[in-house]
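Letters A, B, ... are given to chains in the order of the sequence lines, protein chains preceding strands, and every chain is numbered from 1. Note that the coordinates shown come from a computational prediction; the quantities given were computed from them, not determined experimentally.
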There are 2 protein chains.
Amino acid sequence: MQQLEELVTSLRKEGFRITPQRIAIVEYLLKTEEHPSADHIHKTIQKKYPMVSLSTVYKTLDLLKEKKLVSEIEVEGEARFDAHTDEHINLVCMNCGKIEDVDENSLKEIQNRAAKKSKYLIVKSSFEMFGYCTNCKSKFN
Amino acid sequence: MQQLEELVTSLRKEGFRITPQRIAIVEYLLKTEEHPSADHIHKTIQKKYPMVSLSTVYKTLDLLKEKKLVSEIEVEGEARFDAHTDEHINLVCMNCGKIEDVDENSLKEIQNRAAKKSKYLIVKSSFEMFGYCTNCKSKFN
DNA sequence: CATTTAATTAGGAATTATTCCTAATAAGGA
DNA sequence: TCCTTATTAGGAATAATTCCTAATTAAATG
Ligand SMILES: [Mn+2]
Ligand SMILES: [Mn+2]
Ligand SMILES: [Zn+2]
Ligand SMILES: [Zn+2]
């Protein structure tokens with residue numbers, strides 16, 4: 001996800017209104033690496049902007065997904081959002097829920113092979129690995 | 001997932017009871033390739049065994065997951081179940097929901113690299129690609 | 001700056017997949 | 001056949017997400 005300024009400009013150019021709610025959400029997503037849930041985004045930005053509703057968070061996330069500015073992954077029945085939209089692997093800690101990124105440049109190739117083999121038209125992909133992070137793994141062996 | 005007979009034997013040996021409900025669910029999962037949801041499993045086996053409740057389907061699926069006889073993937077807020085438990089890629093059609101398997105032997109390597117790079121202890125992984133199947137893709141281009 | 005209007009928001013209700021609860025049932029051992 | 005206890009049915013509870021609508025407000029216009 002790009003810088004806030006360019007992003008605001010490009011949204012405005014497309015006819016979208018720039019509201020404090022949208023700025024707060026985008027600003028937060030730009031700087032965090034924690035792959036927050038909608039609820040977590042809501043709670044976090046409420047500290048600074050108390051007048052943001054959860055349904056606005058959801059609607060803004062829909063917009064950002066459509067503009068391909070964030071990607072969504074589903075973890076244990078909950079959507080988590082990621083401003084890192086390049087193809088990468090998300091490592092999910094099954095204990096604390098922490099998510100870490102790992103870039104992997106062979107994903108594109110695999111995607112091409114799968115498309116060729118299956119004849120599907122592939123649009124996006126989602127690769128998650130589940131396990132225990134460095135903090136948690138000592139408790140599980 | 002193995003054959004029904006061995007599976008029943010091994011479950012019984014572990015002290016689990018063999019009920020008609022469990023047999024119906026396992027039998028169905030063994031022969032289908034459609035990655036059904038809990039609800040779909042329920043509706044399907046009800047035709048043959050009308051006295052199976054949805055909560056039993058859920059509980060049986062929990063058991064089978066724990067025994068690693070089925071794996072679970074989440075697609076659009078719904079869990080889908082797969083008796084193919086080797087590492088593979090699931091191709092999900094975003095129009096009709098069909099899911100197809102693609103085996104990919106480089107996944108193990110990638111998993112090892114990710115584990116090494118991140119120091120996570122990796123337990124399982126889930127690789128989905130989303131797009132349009134051969135039936136649906138003509139409608140989307 | 002004041003006015004206009006259509007996009008956006010807040011907040012609660014509705015929806016839906018899943019989990020939880022508990023009395024009734026039945027698998028399997030004796 | 002009887003007994004014990006795991007399992008089931010079925011409905012209630014839960015929780016994430018979507019839907020609905022009146023009120024608000026961004027930003028275009030003059
Ligand atoms: Mn990520
Ligand atoms: Mn599969
Ligand atoms: Zn952790
Ligand atoms: Zn399709």
ask   = Does a side-chain N or O from B:T19 land closer than 4.0 Å to OP1 or OP2 of D:dT8, or not?
value = yes
query = How close or far is atom C1' of D:dT21 from atom NZ of A:K59, stated in whole angstroms?
reply = 10 Å
Gap between atoms CD and P, on B:Q46 and D:dT8 respectively (whole Å) = 15 Å
ask   = Are B:E14 and B:R12 ion-paired here, with the side-chain N under 4.0 Å from a carboxylate O?
value = no
ask   = For B:H42 and D:dG10, what is the distance between atoms NE2 and P respectively, to the nearest whole Å?
value = 8 Å
ask   = So what does A:P50 hit on the nucleic acid, given a heavy-atom distance under 4.0 Å: a base, only sugar-phosphate, or nothing?
value = nothing
remark   = The residue, A:S53 or B:R17, whose nearest nucleotide of DNA chain C is more 5′ is A:S53
request  = Inspect the contact between B:E104 and A:R113 and indicate whether a charged nitrogen and a carboxylate oxygen are less than 4.0 angstrom apart.
outcome  = yes
key: Between D:dT8 (P) and B:L61 (CG): distance, integer Å   = 12 Å
key: Distance in angstrom units between A:I73 CD1 and D:dA16 P, rounded   = 16 Å
key: Under-4.0 Å side-chain N/O to phosphate OP1/OP2 contact, B:Q21 with D:dA9   = yes
query = Nearest nucleotide by nearest heavy atom, which residue falls closer to the 5' end of DNA chain D, B:R22 or A:A79?
reply = B:R22
ask   = Looking only at heavy atoms, which two atoms of B:Y120 and A:C93 are closest? And how far apart?
value = CE2-N, 3.8 Å
key: Touch class at under 4.0 angstrom, heavy-atom based, for B:S55 against every strand present   = base
key: Plane angle bin for A:Y28 and A:H40 - parallel if under 30°, tilted between 30 and 60°, otherwise perpendicular   = tilted
remark   = In whole angstroms, the gap separating C1' of D:dA12 from CG of B:L54 amounts to 14 Å
ask   = Shortest non-hydrogen contact from B:K137 to A:K119?
value = NZ-O, 2.6 Å
key: Whole-Å gap separating C1' (C:dA17) and CD (A:E78)   = 14 Å
ask   = In terms of the nearest nucleotide of DNA chain C, which residue is placed more toward the 5' end: A:F16 or B:E72?
value = A:F16
inquiry  = Quick check on D:dT17: is either OP1 or OP2 less than 4.0 Å from any side-chain nitrogen or oxygen of A:Y58?
reply    = yes
